[in-house]
> 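Supplied in structure tokens, the structure appears directly below.
Both counts, for ligands and for their atoms, begin at 1 and track the order of listing. Just so you know, residue 1 is the first one in the sequence shown, and it goes up from there.
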Amino acid sequence: MSIDIRSIKPEDVETFRETLFLLSSDDVGFPEEALQHYWKSWATDAITKAALDPKSVFLGAWEGGAMVGLLMGMAPEGGVGTVVWLLVSRANQRRGIGRRLFHEACRRYREMGSHKVKLTVPSRERATFYEKQGMQVEGFHMNHWWHMDMWSMGMQL
Ligand SMILES: CC(C)(COP(=O)(O)OP(=O)(O)OC[C@H]1O[C@@H](n2cnc3c(N)ncnc32)[C@H](O)[C@@H]1OP(=O)(O)O)[C@@H](O)C(=O)NCCC(=O)NCCS
């Protein structure tokens with residue numbers, strides 16, 4: 001079955017929220033405290049408001065009726081777009097879905113006139129995925145959010 005990547009519509013918001021928490025609980029390594037925090041801050045209303053902002057980039061990767069990956073990117077600030085979440089379900093990793101979501105977000109940011117995309121990764125190993133997409137490690141944040149080490153990455157568009 002082919003993967004369809006498209007923007008989140010109002011009727012997708014609940015699925016997006018559930019998928020976000022399912023995948024971030026499963027595979028990112030955040031502590032319970034962080035997951036609780038994000039669950040509260042990304043309530044349905046907050047996701048709906050952010051997703052429907054024409055300058056934000058909220059994408060779902062769908063296979064049949066199932067959301068198998070997602071990307072949450074905030075509206076660019078000063079020409080810089082920020083990807084907050086990029087998640088692909090374990091069973092669907094290494095199928096090129098993460099790459100497609102990331103490059104679709106870059107295409108949209110570029111179309112909006114942004115000159116750069118940035119994000120933060122909680123594992124050096126995962127930074128390799130982004131390096132393969134053309135990003136560079138720009139900084140290292142020791143004992144950062146939730147006491148985790150983080151790598152900040154950026155790419156000119
Ligand atoms: C990181 C993640 C988004 C990658 O998505 P994916 O769909 O599995 O990646 P793709 O299949 O598009 O891979 C593209 C390339 O990156 C490589 N790659 C994928 N995951 C990788 C990883 N964890 N480490 C190193 N390389 C990786 C692939 O081998 C592929 O390489 P190639 O172009 O040489 O063939 C996905 O593994 C994921 O959701 N992980 C858990 C959540 C997470 O940590 N997200 C990022 C921080 S919020």
Side-chain angles (χ1 to χ4, degrees), residues 1-8 12-43 46-47 50-51 56-77 80-110 114 116-157:
M1 210 179 287
S2 68
I3 303 287
D4 182 26
I5 291 183
R6 58 177 161 81
S7 297
I8 297 304
D12 302 323
V13 166
E14 265 323 309
T15 306
F16 186 90
R17 185 169 190 260
E18 282 163 16
T19 309
L20 171 63
F21 287 100
L22 191 70
L23 302 189
S24 59
S25 313
D26 182 41
D27 204 10
V28 184
F30 279 136
E32 186 58 31
E33 181 194 9
L35 298 170
Q36 290 297 328
H37 169 84
Y38 293 126
W39 178 251
K40 282 189 199 133
S41 46
W42 288 112
I47 292 184
S56 70
V57 182
F58 276 54
L59 302 172
W62 303 83
E63 186 163 41
M67 191 182 284
V68 295
L70 60 82
L71 182 144
M72 181 195 283
M74 306 318 284
E77 191 182 330
V80 182
T82 302
V83 173
V84 179
W85 294 102
L86 169 53
L87 300 164
V88 176
S89 70
R90 270 183 204 269
N92 290 286
Q93 289 176 6
R94 310 274 175 154
R95 293 179 64 198
I97 300 170
R99 180 196 301 127
R100 284 184 57 194
L101 283 165
F102 178 76
H103 289 290
E104 177 60 16
C106 291
R107 189 187 68 76
R108 292 181 186 213
Y109 279 135
R110 209 176 285 120
S114 304
K116 184 170 178 177
V117 61
K118 71 169 175 73
L119 50 80
T120 311
V121 196
S123 131
R124 184 62 188 84
E125 184 245 343
R126 281 178 196 165
T128 308
F129 161 78
Y130 292 104
E131 286 172 334
K132 286 194 170 187
Q133 310 317 314
M135 299 195 93
Q136 289 182 327
V137 173
E138 296 184 330
F140 172 63
H141 308 280
M142 191 171 40
N143 193 22
H144 206 58
W145 296 313
W146 318 108
H147 296 284
M148 293 169 77
D149 291 343
M150 301 271 169
W151 286 259
S152 56
M153 305 193 72
M155 184 173 86
Q156 303 296 318
L157 293 172

> Under a 3.5 Å distance rule, please check whether Thr82 uses its side chain to pair with a backbone N or O of Met74 as donor and acceptor.
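No; judged by distance alone, with no hydrogens or angles, the pair does not exist.
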
> Under the 3.5 angstrom rule, does the side chain of Tyr130 hit a backbone N or O of Gly154 as a donor-acceptor pair?
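No: the side chain of Tyr130 does not pair with the backbone of Gly154.
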
> Mind checking what residues have non-hydrogen atoms under 4.0 angstrom from ligand 1?
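For ligand 1, the residues that come within the 4.0 Å heavy-atom cutoff are Asp27, Val28, Leu86, Leu87, Val88, Gln93, Arg94, Arg95, Gly96, Ile97, Gly98, Arg99, Pro122, Glu125, Arg126, Thr128, Phe129, Tyr130, Lys132, Gln133.
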
> So, Arg100 side chain and Ile3 main chain: donor-acceptor pair closer than 3.5 Å or not?
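A pair under 3.5 Å: yes.
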
> Between Asp12 and Thr15, do the side chains contain a donor N or O and an acceptor N or O under 3.5 Å apart?
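No donor-acceptor contact under 3.5 Å links the two side chains.
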
> Is there a donor-acceptor pair under 3.5 Å between the side chain of Asp149 and the backbone N or O of Met142?
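No; zero donor-acceptor contacts below 3.5 Å.
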
> What's the separation between atom CG in Leu87 and atom CG in Leu20, rounded to the nearest 0.5 Å?
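The CG atom of Leu20 is 6.5 Å from CG of Leu87, to the nearest 0.5 Å.
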
